[in-house]
Amino acid sequence: MATSDYELFVCERYRPMVGWSTDYLLPTDKHAYRLRGCKKSWRSASEAEEALLAPGWQWVHVRDESGNNIGWEVDTRGQQVDGEGWSYGASFPSNFEGSAKAGLQKFARWRRLVRTQSFTSDAQGLASAALASAPSHGPLPERICGHVDLAAAARIGRSLAEAIASASLYGEWSEVALVQLKRQMLEILTGKPPKDKETLESMLSSFIHSHRSVANRIGEAFTSPADSEVALAARLTELDDRFPSIEREAFATIAIWRYKPEFACAATQQAHECEFRPLACQNPGCAERCSAKALEAHDKLCGHKMLACEKCGEKIQRSELKVHDAVACPMREARCTFGAIGCEIPLAHAKMNEHLEQCTQAHMMLLMRGMLEQQELTKALQIRVADLEAQNRELLAQRERDLQEQAKVVATLGAQVTAASAQIAKLEKQHAQELKDVKKAADDGAGKSHKRAEEADKEAKKRHEALEKSHMSNMETLRSDFAGLKASVAELRPIREEVLALKATLAQAAKPG
């Protein structure tokens with residue numbers, strides 16, 4: 001049986017010299033009985049009960065210690081209240097959060113009441129109640145058997161829940177709004193027979209469309225599809241408690257009778273074995289209900305069905321069989337503890353201790369062989385390291401000699417560069433003097449003197465260019481020698497790294513165990 005809890009707040013105002021009462025509410029206040037976040041209110045608890053009671057639901061009566069029926073009970077959980085369960089404030093907030101103490105400026109108070117509903121009906125009961133309230137609709141087609149395919153009912157029930165959730169997004173959302181949507185859906189399902197070519201899908205689409213206002217349509221133009229899907233998913237989550245599976249099944253059954261008769265029993269006689277009769281899965285722990293014709297298929301997939309392990313024969317639930325086979329089955333395949341050193345005998349986990357006791361000598365032989373192989377490898381590595389160290393010493397010595405030779409070459413080239421620089425300076429000075437002489441001769445003489453001056457100038461430029469070329473050639477030679485020196489150093493690095501790696505390997509191999 002599905003149940004659902006509801007809360008209701010009773011509100012009072014204070015009148016000086018008189019006290020607290022629901023009769024002292026202001027003309028601008030809502031009625032005394034209210035819901036959290038809901039615009040609607042009621043004058044009495046009975047009016048609220050009627051508005052909150054959906055078709056097929058009943059209020060649960062609780063008896064006190066004296067045996068009297070109790071309706072709404074005071075609930076102080078999550079509230080700041082005084083000893084009688086009242087919260088105080090300057091007005092009535094929509095979330096009903098207040099103080100536990102009254103004050104000079106706190107003329108409003110409220111108390112939280114709770115009560116439980118239970119769903120006690122079925123498809124036939126819902127249909128009868130709907131037809132009783134609207135006899136003009138006419139009765140549903142008579143059926144000998146009311147059973148339907150429960151798998152189809154689950155799918156259709158989900159579609160009905162999505163339609164109600166979608167419609168609820170276009171208006172104020174509250175428990176009262178949900179009750180009204182359920183009543184409207186039931187009226188449609190039990191109303192006039194569907195027109196030609198009208199399907200369940202088209203009916204649900206029309207139901208949703210009927211709740212869209214012009215403002216809703218304008219708002220949708222500025223809302224992304226992703227945001228709409230998120231809102232719908234959140235609303236469906238809220239419906240899980242207020243529209244439980246047993247109620248969905250009842251609504252879906254009526255929808256099948258009206259729109260999907262192929263999923264309903266079409267028996268014409270009372271005495272028959274209905275393939276759609278609901279049956280509970282007999283596997284321990286499984287709460288699944290399905291139609292009789294689907295029970296065998298469900299049994300083949302039911303995770304609660306007990307199956308015998310193929311290796312040890314123990315009865316295990318189907319959903320836990322893989323885990324049992326991997327970590328719990330005593331006959332599962334196991335690898336010997338000494339498998340890393342060569343023991344490859346196949347055995348079951350339950351036989352491990354017996355195998356270790358019986359093969360102790362063989363395991364010791366494997367250990368001895370492994371130690372001998374380790375020793376031989378260590379010796380080979382030691383020889384290899386010694387050879388590499390000798391090669392490294394020779395290469396380092398050769399490199400030292402090369403560096404010394406390069407230093408001498410650098411010093412020689414440096415001296416040559418210094419001499420070439422001095423010679424260039426001398427030639428530049430000489431050239432400057434010759435230019436002065438040429439200018440002087442040009443000022444003193446005629447055309448012949450001018451010609452001699454030009455020839456002297458050309459000769460000086462040739463000498464200057466020759467000295468420049470010699471200087472650049474010496475510099476290029478020096479750069480080439482430096483580049484060769486760097487390449488030689490780079491060639492030594494990999495050899496040095498290899499020697500260090502082999503030393504580390506030798507040290508690791510030489511450790512005991």
Side-chain angles (χ1 to χ4, degrees), residues 1-6 46 48-62 69 71 115-161 163-164 175-194 200 203-204 207 239-261 263-268 270 272 274-280 287 289-292:
M1 180 176 64
T3 60
S4 185
D5 295 328
Y6 287 83
S46 59
E49 290 174 0
E50 183 179 356
L52 292 171
L53 198 63
W57 291 83
Q58 290 184 355
W59 290 106
V60 176
H61 295 279
V62 180
N69 287 331
R115 195 172 181 183
T116 302
Q117 289 184 15
S118 63
F119 185 77
T120 58
S121 187
D122 55 13
Q124 192 61 51
L126 288 177
S128 300
L131 293 175
S133 62
S136 60
H137 288 172
L140 290 171
E142 293 186 3
R143 292 185 174 275
I144 300 298
C145 177
H147 294 150
V148 298
D149 187 339
L150 293 183
R155 294 193 302 270
I156 294 174
R158 179 68 178 180
S159 299
L160 295 175
I164 291 177
E175 286 88 351
V176 177
L178 177 58
V179 170
Q180 292 175 347
L181 289 171
K182 289 181 180 180
R183 288 174 177 169
Q184 292 170 10
M185 177 65 74
L186 187 59
E187 288 177 4
I188 295 174
L189 293 176
T190 59
K192 296 179 180 180
L200 176 63
M203 182 276 290
L204 295 178
F207 174 78
L239 281 181
D240 286 341
D241 292 333
R242 299 302 193 204
F243 195 31
S245 59
I246 187 172
E247 185 181 11
R248 294 185 192 183
E249 183 180 310
F251 273 72
T253 300
I254 299 174
I256 289 175
W257 291 344
R258 179 56 63 88
Y259 293 94
K260 302 280 187 180
F263 294 120
C265 180
T268 57
Q270 288 288 352
H272 71 286
C274 180
E275 63 178 355
F276 293 126
R277 68 186 186 279
L279 295 176
R289 289 172 63 250
C290 55
S291 298

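The basis for the numbers below is simple: all heavy atoms, side chains too, and nothing from hydrogens, waters or symmetry mates.
- For A161 against L239, the heavy-atom pair with the smallest separation is O-CD1, 3.5 Å.
- Applying the ring pair (Phe, Tyr, Trp, His ring centres under 6.0 Å) test to F251 and every residue at least two apart in sequence or in another chain returns F243.
- By the 4.5 Å heavy-atom criterion applied to side chains, E275 and S291 are not counted as neighbours.
- Between P278 and R289, the closest heavy-atom pair is CB-NH2, 3.5 Å.
- Contacts classified as side chain to side chain donor-acceptor pair (under 3.5 Å) and involving residues 121-132 (residues at least two apart or in different chains) are not found.
- Separation of atoms OG (S245) and CZ (R158) is listed at 12.0 Å; rounding is to 0.5 Å.
- Listed by chain and residue number, nothing satisfies the ring pair (Phe, Tyr, Trp, His ring centres under 6.0 Å) test with Y259 (two or more places apart in sequence, or in another chain).
- Atom CD1 in I188 sits 10.5 Å away from atom CG in L200 (nearest 0.5 Å).
- With values rounded to the nearest 0.5 angstrom, M185 atom CE is found 4.5 Å from I164 atom CD1.
- A266 is linked by a side chain to side chain contact (heavy atoms under 4.5 Å, CB included) to nothing, counting only residues two or more places apart in sequence or in another chain.
- Considering only residues two or more places apart in sequence or on other chains, R248 meets the side-chain hydrogen bond (donor to acceptor under 3.5 Å, both in side chains) condition with D240.
- In this structure the side chain of L160 never reaches within 4.5 angstrom of the side chain of F207, judged on heavy atoms.
- Side-chain contact between E249 and I246 is absent, with no heavy-atom pair separated by less than 4.5 Å.
- Partners of D241 by side-chain hydrogen bond (donor to acceptor under 3.5 Å, both in side chains), not counting sequence neighbours: none found.
- Looking at W257 and L189, their side chains never come closer than 4.5 Å, going by heavy atoms from C-beta outward.
- Here the shortest heavy-atom pairing between A255 and I156 reads CB-CG2, 4.0 Å.
- Looking at E49, its side chain never comes within 3.5 Å of a backbone N or O of W59 through a donor-acceptor pair.
- Counting heavy atoms from C-beta outward, L52 and Q117 have side chains that approach closer than 4.5 Å.
- Take T116 and apply the side-chain hydrogen bond (donor to acceptor under 3.5 Å, both in side chains) test, not counting sequence neighbours, and it matches D5.
- Atom CG of L186 and atom CG of L126 lie 5.5 Å apart (nearest 0.5 Å).
- Scanning all heavy atoms of the two residues, the minimum distance from T190 to A130 falls at OG1-CB, 3.4 Å.
- By the side-chain hydrogen bond (donor to acceptor under 3.5 Å, both in side chains) test, E175 is found to be paired with R242, residues two or more places apart in sequence or in another chain being considered.
- With sequence neighbours excluded, no residue forms a salt bridge (Lys or Arg N to Asp or Glu O under 4.0 Å) with R183.
- When all heavy atoms of A250 and F119 are compared, the closest pair comes out as CB-CZ, 4.2 Å.
- Applying the side chain to side chain contact (heavy atoms under 4.5 Å, CB included) criterion to H272, with sequence neighbours excluded, gives C145, C265, A267, C274.
- The side chain to side chain contact (heavy atoms under 4.5 Å, CB included) check on S159 picks up L204, with sequence neighbours excluded.
- Considering only residues two or more places apart in sequence or on other chains, A152 meets the side chain to side chain contact (heavy atoms under 4.5 Å, CB included) condition with D149, R155, I256, F263.
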